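Remarks on the structure that follows.
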Amino acid sequence: MNDATVAERRPLAAKRTEVVRRYVKPALFIACLLPFLHMLLGAFEIAGFRLGTNPVEKLQDTFGQWGLRLLVVTLAITPLRDWFKAAWLIHLRRMLGLFAFFYVSLHFLTWLFLDQGVYWPAIVEDIAKRPFITIGFLAWLTLIPLAVTSTNAMMRRLGRRWKTLHRLVYVITLLGVWHYWWQVKADIREPALYLGITLVLLGWRAWKLRRRSP
Amino acid sequence: MLIKRSEPGSSANILPSEITPESVYFNRRQLLQAAMAAGLIGSSWSTTASAESQVVDLQYTRNETFSLDDPPNDYLDITTYNNFYEFGIDKDAPVRNSGRFNPSPWTVTVAGEAEVTGEFALEDILKGHALEERVYRLRCVEAWSMVIPWVGIPLGAVLKRFKPTSKAKYVAFKTVYRPSEMPGQRFPVLKWPYVEGLRIDEAMHPLTLLAVGVYGKTLPNQNGAPLRLVVPWKYGFKGIKSIVEIRFTEKQPPTSWNLSAPHEYGFYANVNPKVDHPRWSQARERRIGSGLFSAKVPTLMFNGYEKEVADLYRGMDLAKFY
């Protein structure tokens with residue numbers, strides 16, 4: 001590579017980072033907020049939006065689904081970056097991860113306040129006795145330290161341990177898929193699709209690791 | 001005897017009065033005319049163009065003894081939020097995907113341990129019975145519930161006309177299998193066709209209803225047109241829809257959800273707040289229509305019909321026979 005191309009590339013990369021910072025990230029932020037806004041308008045029946053016949057179920061399902069979708073999308077960032085040589089994608093990962101936490105938390109809070117009505121005997125029994133709820137609860141709990149340590153300051157403070165800690169997202173996503181799988185009655189097509197995508201994304205990481213290690 | 005026998009070359013034990021000259025299959029218009037002539041439908045009937053299927057007004061009397069005082073759920077909720085896996089697994093799939101389903105003409109095969117068996121046109125099954133409205137609670141196994149004003153006839157009164165023999169210990173039901181009109185049947189979420197069953201004493205119980213309508217109108221496609229079962233003290237999935245076969249059997253018949261997940265769904269499926277589903281509690285239920293911020297309500301033993309049906313299960317371990 002000669003000096004000329006290096007000189008050309010540097011401003012190009014900087015320009016790209018600028019575009020991501022100024023346009024892509026705000027657009028992604030708004031896009032990630034849309035399902036929440038949709039539900040918010042529906043809950044108060046604003047502008048013709050409705051949550052339908054079973055509004056509690058609608059909120060719970062929508063938030064849970066977006067939580068899981070965003071977890072999977074977050075997991076997809078690194079592979080997509082490598083496959084498409086798109087280094088800038090990595091700048092979107094934190095926001096996607098935090099939105100995943102946002103939706104999983106809303107899913108949990110909907111269950112706690114609207115579905116269970118903060119009726120503690122039923123809540124404790126559900127978490128203790130229903131494996132699919134135990135798993136979902138565990139996944140949400142495990143997401144908390146990841147959200148808390150998502151800041152630049154925490155990244156610097158934790159150093160190499162930050163990466164190890166954030167690998168928990170692999171387990172969390174699998175727990176999320178399992179939680180979904182276990183609560184469907186008979187049609188496992190959709191949870192199977194999530195499982196398939198998650199396994200491809202995790203399998204790609206394992207394959208890369210094996211190629212590098214020997 | 002008003003039952004018409006249309007099966008060719010059927011056995012010799014039919015009375016001459018049961019035989020009608022030829023099998024007549026009605027198209028929708030003829031069905032309406034026939035039903036009007038039989039007094040089932042009021043003269044002021046009007047076709048209501050609902051979202052997906054056409055329904056007509058029925059003539060009925062309300063059975064106060066068997067009706068709840070609770071206000072019924074909205075027609076819109078009842079007809080847009082339900083499970084009918086033949087049209088898809090989402091709650092709004094039945095209303096969205098049932099537009100191509102054609103419930104007329106309709107014939108029901110009656111078979112098994114009974115003196116009178118064969119194929120019968122729907123209107124012959126209904127002929128001679130007065131339609132009743134009954135406001136029942138419906139408790140879904142998924143822990144939500146509604147209050148629904150059904151229109152129908154007691155199943156027992158219909159079954160008696162087929163003269164079940166002493167070997168008839170159970171009654172088995174089958175839903176129509178029409179993958180071309182029922183898109184949900186194109187994928188084996190359940191083993192199609194859907195099958196259900198009752199013990200004969202459950203089937204003969206005065207609460208057990210063979211429904212043909214809801215809210216004073218014929219059943220829309222998504223709610224099991226033209227003929228469905230309603231067993232108010234059992235979970236909703238026992239209420240088999242779009243019935244094409246009734247079979248009297250000596251042995252307990254297989255049932256679809258039990259075949260799909262035997263440790264989760266039993267043959268009896270009686271509503272019971274003390275016997276949980278393996279994956280969720282059955283102690284409380286969400287009353288549909290109660291809004292976003294209202295709490296769940298306690299589920300009642302036998303869905304509130306304990307006084308009427310508890311005797312049927314005396315001495316049985318209901319945790320074992322769930």
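Side chains are part of it too, since the values below use all heavy atoms of this structure and drop only hydrogens, waters and symmetry mates. All chains are named by letter (A, B, ...) in the order of the sequence lines, taking the proteins before the strands, and each is independently numbered beginning at 1. Since we're looking at a predicted model, the values are computed, not measured.
Looking at Arg286(B), only its side chain comes within 4.5 Å of chain A, counting heavy atoms on both sides. Contact annotation for Asp92(B): neither backbone nor side-chain heavy atoms come within less than 4.5 Å of a heavy atom of chain A. Residue Gln116(A) touches chain B through both its backbone and its side chain, counting heavy-atom pairs closer than 4.5 Å. Using a 4.5 Å cut-off between heavy atoms, Ile89(B) touches chain A through its side chain atoms alone. Contact of Asp90(B) with chain A is not made at all, since no heavy-atom distance falls under 4.5 Å.
Close approach to chain A, defined as a heavy atom under 4.5 Å from one of its heavy atoms, is seen in Tyr265(B) of residues 265-275 of chain B, taken by number.
Contacts with chain A were tallied for Asp74(B), Ile288(B), Leu76(B), Val141(B); Ile288(B) has the most, counting heavy-atom pairs under 4.5 Å. Among Leu114(A), Ile188(A), Asn54(A), the residue with the largest count of heavy-atom pairs under 4.5 Å with chain B is Asn54(A). Chain A forms the most heavy-atom pairs under 4.5 Å with one residue out of Trp144(B), Phe187(B), Tyr85(B), Phe293(B), and that residue is Phe187(B). Most heavy-atom pairs under 4.5 Å with chain B: of the set Val184(A), Val118(A), Asp115(A), this distinction falls to Asp115(A). Put simply, of Lys185(A), Lys129(A), Lys58(A), the one with the most heavy-atom pairs under 4.5 Å next to chain B is Lys185(A).
Here the CG atom belonging to Asn73(B) is positioned 9.0 Å from the OG1 atom belonging to Thr53(A), to the nearest 0.5 angstrom. In this structure, CZ on Arg284(B) lies 6.0 Å from OH on Tyr119(A), to the nearest 0.5 angstrom.
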